[in-house]
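Written out below as structure tokens is the structure these notes cover.
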Amino acid sequence: MQEVSLGGVKDFNFDLRDPKFLDEDALWEEAKRVFSKCKDCRMCLPYCPSFPALFDAVDRHDDDINALSKEELATPLELCFHCKQCYFKCPYTPPHEWKIDFPHLSLRYKIWKFKKQGAKLTDKLLVNTDLMGKMSVPFAPFVNAVKDSKPVRVLLENFMGIDRRAKLPPFNAQTFQSWFNKNRREVKGENGKVALFYTCLLNYNYLDKGKALVRVFEKNDIHIELPPQQCCGIPFFDVGDIDTVVQKAKLNVKALKAYVDRGYDIVVPIPTCALQIKYEYPLLLPDDPDAKAVAQRVYDVHEYLWNLHQQGKFSRDFKVSMGNIAYHIPCHLKSLNVGYKAAALMRLIPNTKVKIVERCSGHDGTFGVKKSTFDMAYRVGSKLFEELNASSADTFVSDCPLASNQIELGTGKKPLHPIEALCKAYGEEL
């Protein structure tokens with residue numbers, strides 16, 4: 001099916017309605033077809049662990065794809081963490097006739113695997129961000145105090161498979177939703193009205209980023225409402241639980257469509273969640289016109305503010321210089337295909353310089369914390385850490401809180417979200 005997506009029209013090889021979608025023979029045949037193109041190109045060798053695993057297997061069998069075992073065919077698909085960097089460089093993605101779509105092939109494999117054998121209870125718990133958040137926020141001071149202690153980390157590693165070296169997100173003492181309901185300021189809303197898809201990460205883990213967003217939007221006379229919402233569903237891609245993803249997509253589309261019908265735009269502060277709603281929901285709900293209607297009104301938070309700037313309505317009442325910023329571009333922001341609007345906004349701050357760093361942090365969702373993949377994730381991010389450390393920047397910035405976690409682990413320096421940088425430049429107190 002065709003969708004306007006990454007860099008243009010993509011005829012994705014991903015259709016849940018296809019009667020052969022879960023057919024094992026059809027799956028391996030598609031894997032062999034894709035791998036036969038990848039093995040002769042090898043442009044994606046440095047991108048992620050998937051491609052070295054594929055090329056090593058092919059080389060062991062003297063370039064014979066048909067000689068690969070099912071385990072060798074599956075390993076590259078297991079190691080794909082859906083950064084989608086291969087979309088940016090691969091010359092054979094749709095609309096090319098070969099229609100190489102490695103990330104969706106990996107997802108198809110994980111769905112097939114989940115349908116066949118399920119997933120461990122610990123893995124299902126790890127991706128259930130709503131449940132983990134609701135359980136942890138009421139006990140946040142205690143959870144934050146003990147989560148990095150050695151005995152707890154040993155237990156998490158042995159029973160949950162979470163590497164003891166991984167940096168885990170903190171938990172908010174109150175949800176973003178609760179803070180917003182008590183602390184929002186009334187504005188006229190003459191510069192827009194938005195339905196904020198605030199994401200699990202802001203609601204349960206990174207309250208200051210949510211506060212900063214609200215203050216920046218209030219500064220720019222933008223009215224905010226919080227629609228009912230659940231996790232966007234993308235963490236469940238890690239285990240292939242497509243039924244849960246579809247269920248969450250349906251609930252979120254229904255809630256967001258009610259605001260679209262009232263003239264609201266949908267603003268999302270985390271690129272991964274924006275990508276999910278804008279480009280994956282229409283694929284997950286191909287027969288639901290509301291999914292497409294919602295997708296068309298989704299904006300990255302900085303894309304929305306930059307549009308305001310182009311109309312001459314964005315406030316440049318900055319009080320504080322941010323000095324030299326090293327700005328990490330998350331992979332999923334590139335996938336959104338909206339340009340680097342956060343960098344453009346930060347460059348409006350007086351006496352502020354922004355250097356863009358385009359390297360993958362390697363974190364993804366659970367890839368950067370699981371014991372089985374931690375070393376690979378850290379290796380992927382190591383070049384990013386080196387470049388950031390060499391930048392001599394006053395401040396590191398990234399749109400992705402999980403990438404920021406990985407950056408802090410690799411550099412010892414905690415990054416801001418771009419919206420936090422703008423908030424600080426306005427002189428707003430949180």
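Quantities reported herein were computed from a predicted structural model and do not represent experimental measurements.
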Do [X] and [Y] sit within salt-bridge range, that is, some charged N less than 4.0 Å from a carboxylate O?
X	Y	answer
Asp317	Lys319	yes
Lys383	Glu386	no
Asp300	Lys278	no
Lys370	Glu78	no
Asp375	Arg165	yes
Arg17	Asp15	yes

Determine whether [X] and [Y] make a side-chain contact, defined as any pair of heavy atoms from C-beta on separated by less than 4.5 Å.
X	Y	value
Leu283	His104	yes
Arg215	Glu429	no
Asn220	Phe314	yes
Pro269	Tyr206	no
Cys232	Lys248	no
Ile325	Lys355	no
Asp364	Asp238	yes

When the ring centroid of [X] is compared with that of [Y], is the distance short of 6.0 Å?
X	Y	result
Phe102	Phe51	yes
His302	His309	no
Phe180	Tyr198	no
Tyr327	Phe396	no
Phe318	Tyr426	yes

Just checking, any donor-acceptor pair under 3.5 angstrom between side chains of Asp288 and Tyr281? no
Side-chain donor-acceptor pair present, Glu358, Tyr340, cut-off under 3.5 Å: yes
Counting only heavy atoms not in [X], do more than 12 sit closer than 6.0 Å to its [atom1] atom?
X	atom1	result
Lys193	NZ	yes
Lys219	NZ	yes
Lys413	NZ	yes
Lys424	NZ	no
Asn351	CG	no

Classify the angle between the aromatic ring planes of Trp98 and Tyr92 as parallel (below 30°), tilted (30 to 60°) or perpendicular (above 60°). tilted
Which pair of heavy atoms, one from [X] and one from [Y], lies closest together, and at what distance?
X	Y	answer
Pro170	Lys147	CA-CE, 3.8 Å
Glu303	Val298	OE1-O, 4.3 Å
Pro415	Ser398	CB-N, 4.3 Å

If we ignore hydrogens and angles and just use 3.5 Å, is the side chain of Ser50 paired with the main-chain N or O of Pro76 as donor and acceptor? yes
